[in-house]
Every structure is written in structure tokens, then in C-alpha cells.
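Keep in mind it's a predicted model, so treat the numbers as computed, not measured. Heavy-atom basis, side chains included; hydrogens, waters and symmetry copies ignored.
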Amino acid sequence: VQLQASGGGVVQTGGSLRLSCAASGLAFGNFGMGWFRQAPGKEREFVAGINRVGTRPYYADSVKGRFTVSRDNAKNTVSLSMNSLKPEDTAVYSCAADRRSSTQTISRYAGEYEYWGQGTQVTVSS
């Protein structure tokens, strides 16, 4: 199983980025997908997730209204569109797959995700 995240970079406050995660080696449609981030000196935190069929997105309060998660099961990809970026969004962003998620929900807990990508750095300058 491989999860390959891409799309990170350096952007100014208020800017936008779109992260993508390409999955291979798994039955993608059977997995809930999540995005997590970890800033230096901080614990990894849930950012956004989407259920198996892509009908229910979930967001951390800190990104609600600014980030949009989506998936394309035909292409085995999950994306995170990030708008109105703030310096506090600076972190390494990773995608993860959870086989135990139900059809309608996803987990906000990193420990419940089975597979992880390598992460992509997002830096928001002030």
C-alpha cells in the first residue's frame, strides 16, 4: 500500500494550496480517508476527512469554512483544498486510510488509521 501526498509549498497568509493524495495497493473505496497535520513541537492533529463514498466530509473546527476535502474513487485520490491560509496552518500534512471506518463516518483519531503517506510540507508566511 502506498499513499503519496503532494502539493505542499510556501504561500503567503491568505493564499491557497491544494494537496492531493494518490493511493495504490488497496481497495480505495473501502477506506475512509483523513488528512492530519503536525507542526514542530506539536502533536499530530486531525484536519479533515471524508467517508468511503465521498458524501460526508468532516473538518476540524480550526479549518472549517476554509478547507475542503474531496475524493475521486475512480482515480484513487483524495484532495484537500486550502484557502485563506494562516501562519498557524504551517505543518507537515499527511493523508491516511482507515479500513475500519463505517460507510458514513470517519475517525478523527490518528491511531485508528491503518496506512499513512509520507507527508508534504505546507508553510504559510506572515
Side-chain angles (χ1 to χ4, degrees):
V1 175
Q2 283 194 331
L3 300 177
Q4 183 71 38
S6 62
V10 180
V11 65
Q12 291 186 337
T13 297
S16 300
L17 283 173
R18 180 178 174 88
L19 306 183
S20 293
C21 175
S24 60
L26 75 171
F28 187 68
N30 289 344
F31 287 76
M33 297 299 296
W35 284 97
F36 291 78
R37 67 187 181 187
Q38 188 166 20
K42 295 187 176 181
E43 293 187 356
R44 184 164 50 191
E45 64 174 352
F46 172 81
V47 176
I50 192 163
N51 66 329
R52 295 182 181 189
V53 296
T55 56
R56 294 196 176 188
Y58 297 84
Y59 301 97
D61 288 343
S62 60
V63 306
K64 200 172 295 183
R66 300 188 297 123
F67 291 11
T68 302
V69 61
S70 60
R71 68 188 293 163
D72 185 338
N73 285 357
K75 296 181 178 180
N76 287 8
T77 59
V78 59
S79 298
L80 183 68
S81 294
M82 307 184 295
N83 297 315
S84 302
L85 283 162
K86 306 174 181 180
E88 50 263 45
D89 294 319
T90 295
V92 174
Y93 285 70
S94 299
C95 58
D98 177 13
R99 181 168 52 189
R100 294 170 291 180
S101 67
S102 71
T103 303
Q104 298 300 322
T105 64
I106 56 92
S107 174
R108 296 172 181 260
Y109 299 101
E112 296 190 4
Y113 283 76
E114 187 172 4
Y115 301 111
W116 289 81
Q118 86 289 357
T120 185
Q121 176 71 46
V122 171
T123 302
V124 184
S125 61
S126 57

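- The main-chain N or O of Tyr59 is found under 3.5 Å from a side-chain atom of Arg108 such that the two form a donor-acceptor pair.
- Atom CE of residue Met33 and atom CZ of residue Arg71 lie 6.5 Å apart, to the nearest 0.5 angstrom.
- Side chain of Arg37 to main chain of Val47: no donor-acceptor pair is present (N/O by atom type, distance under 3.5 Å, no hydrogens or angles).
- Between the side chain of Asn51 and the main chain of Thr103, a donor-acceptor pair closer than 3.5 Å is present.
- A donor-acceptor distance shorter than 3.5 angstrom exists from the side chain of Gln118 to the backbone of Ala5, with no hydrogens or angles considered.
- Shortest non-hydrogen contact noted between Leu19 and Met82 is CG-CE, 3.7 Å.
- Relative ring orientation between Phe36 and Tyr113 is described as perpendicular, the plane-to-plane angle rising above 60° on a 0-90° scale split at 30° and 60°.
- For the atom pair OG of Ser79 and CH2 of Trp35, the computed distance is 7.0 Å after rounding to the nearest 0.5 Å.
- Hydrophobic clustering of Ile, Leu, Val, Met, Phe, Trp and Tyr side chains at less than 4.5 Å, counting indirect connections, unites Val69 with Tyr115.
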| query | Between Ser20 and Lys75, does a side-chain contact (heavy atoms from CB on, under 4.5 Å) hold up when you go through it step by step? | reply | CA-CA 11 Å; Ser20 293; Lys75 296 181 178 180; over 6 Å; no

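- Panel note: side chain Ser81, backbone Arg18; no donor-acceptor pair is recorded below 3.5 Å.
- Pairing each heavy atom of Thr55 with each of Pro57, the nearest pair is O-CD, 3.7 Å.
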| Would Trp116 and Val1 count as a side-chain contact (heavy atoms from CB on, under 4.5 Å) if you check the C-alpha gap in whole Å, the side-chain angles of each, and the deciding distance to 0.1 Å? | CA-CA 9 Å; Trp116 289 81; Val1 175; over 6 Å; no

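- Hydrophobic cluster membership differs between Tyr58 and Phe31, with clusters built from Ile, Leu, Val, Met, Phe, Trp and Tyr side chains linked at under 4.5 angstrom.
- If you take CZ on Phe67 and OG on Ser16, they are separated by 9.5 Å, rounding to the nearest 0.5 Å.
- Separation of atoms CD (Gln2) and CG (Leu26) is listed at 11.0 Å; rounding is to 0.5 Å.
- A distance of 13.0 Å separates CG in Asp98 from OH in Tyr109, rounded to the nearest 0.5 Å.
- Ile106 and Phe28 fall into different hydrophobic clusters, where Ile, Leu, Val, Met, Phe, Trp and Tyr are joined by side-chain heavy atoms under 4.5 Å apart, directly or via other members.
- With respect to Lys86 and Asp89, no salt bridge is recorded, no charged nitrogen being found less than 4.0 Å from a carboxylate O.
- Of the possible polar contacts, one joining the Arg100 side chain to the Glu112 backbone as a donor-acceptor pair under 3.5 Å is found.
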| request: Take Thr13 and Ser126 through the test side-chain contact (heavy atoms from CB on, under 4.5 Å) and record every step on the way to the result. | output: CA-CA 5 Å; Thr13 297; Ser126 57; 4.2 Å; yes

| request: Start with the C-alpha gap between Gln121 and Thr90, add the side-chain angles, then the distance that decides, and say whether side-chain contact (heavy atoms from CB on, under 4.5 Å) holds. | output: CA-CA 8 Å; Gln121 176 71 46; Thr90 295; 4.0 Å; yes

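- The two residues Ala110 and Arg44 make their nearest non-hydrogen contact at CB-NE, 3.8 Å.
- Within 6.0 Å of atom CD in Gln104, more than 12 heavy atoms from other residues, nucleotides or ligands are found, so the atom counts as buried in its surroundings.
- Leu3 and Phe46 are assigned to two separate hydrophobic clusters, defined by single-linkage of ILVMFWY side chains at heavy-atom distances under 4.5 Å.
- With values rounded to the nearest 0.5 angstrom, Asn83 atom CG is found 9.5 Å from Leu17 atom CG.
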